[in-house]
Student: 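Sharing a structure here in structure tokens format.
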Amino acid sequence: MDDKNWKEEYKAWKTLSTSQILLLEHGAKSLSQSWLLNEMWCEWKGIKKLKETELPSLNTPCRDLNKDPWE
């Protein structure tokens, strides 16, 4: 996974406040800011995982619901 540009991707995917943008651009200056930055990184990671996940094929036949599954 290439996460060098995670901040740019995150900014493109989300509507951010001015303080969030400044934090992404200039980095954390305190412990609480580092927590906020980490929270954004974790959210980016979750979004990226969703975007990269393949959806299941809908062309597979449905199983017969009337059939006993233990047969």
Side-chain angles (χ1 to χ4, degrees):
M1 178 187 343
D2 179 28
D3 51 347
K4 289 181 181 178
N5 297 322
W6 78 269
K7 294 176 184 180
E8 294 304 317
E9 286 182 352
Y10 187 74
K11 286 193 282 186
W13 294 340
K14 298 283 293 183
T15 303
L16 303 172
S17 68
T18 305
S19 60
Q20 288 174 310
I21 293 169
L22 289 172
L23 186 56
L24 288 169
E25 291 175 354
H26 300 289
K29 306 284 188 247
S30 68
L31 181 60
S32 59
Q33 286 181 343
S34 68
W35 292 335
L36 294 172
L37 195 59
N38 183 56
E39 180 182 0
M40 288 189 278
W41 180 78
C42 288
E43 186 176 17
W44 166 82
K45 198 171 176 183
I47 293 169
K48 186 164 182 78
K49 184 176 180 182
L50 288 176
K51 288 187 178 281
E52 291 179 346
T53 302
E54 283 189 37
L55 296 175
S57 172
L58 299 177
N59 295 330
T60 56
C62 294
R63 67 177 190 176
D64 187 358
L65 297 178
N66 294 325
K67 187 176 179 182
D68 184 5
W70 299 108
E71 288 182 350

Student: Which distance, rounded to the nearest 0.5 Å, do you find between the CD of Gln20 and the CD of Glu39?
Tutor: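 These two atoms lie 8.5 Å from each other.
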Student: Evaluate the ring planes of Trp13 and Trp44, with Trp represented by its six-membered ring, and classify them as parallel (under 30°), tilted (30 to 60°) or perpendicular (over 60°).
Tutor: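 Correct class here is parallel.
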Student: Which pairs count as salt bridge (charged side-chain N to carboxylate O under 4.0 Å, His left out) when at least one residue sits in residues 14-27, sequence neighbours excluded?
Tutor: Lys11-Glu25, Lys14-Glu43
Student: Any chance you could measure Leu24, atom CG, to Trp6, atom CH2, to the nearest 0.5 Å?
Tutor: 5.0 Å
Student: Not counting sequence neighbours, which residues clear side-chain contact (heavy atoms from CB on, under 4.5 Å) with Thr15? List them please.
Tutor: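 In terms of side-chain contact (heavy atoms from CB on, under 4.5 Å), with neighbours along the sequence ignored, Thr15 is linked to no residue.
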Student: First locate atom CG of Leu23, then atom CE of Met40, and finally report the distance between them rounded to the nearest 0.5 Å.
Tutor: 4.0 Å
Student: Minimum heavy-atom separation for Ala28 to Ser34, with atom names?
Tutor: CB-N, 3.5 Å
Student: Between Leu37 and Leu22, is there shared hydrophobic-cluster membership here, with clusters defined by ILVMFWY side-chain heavy atoms closer than 4.5 Å?
Tutor: no
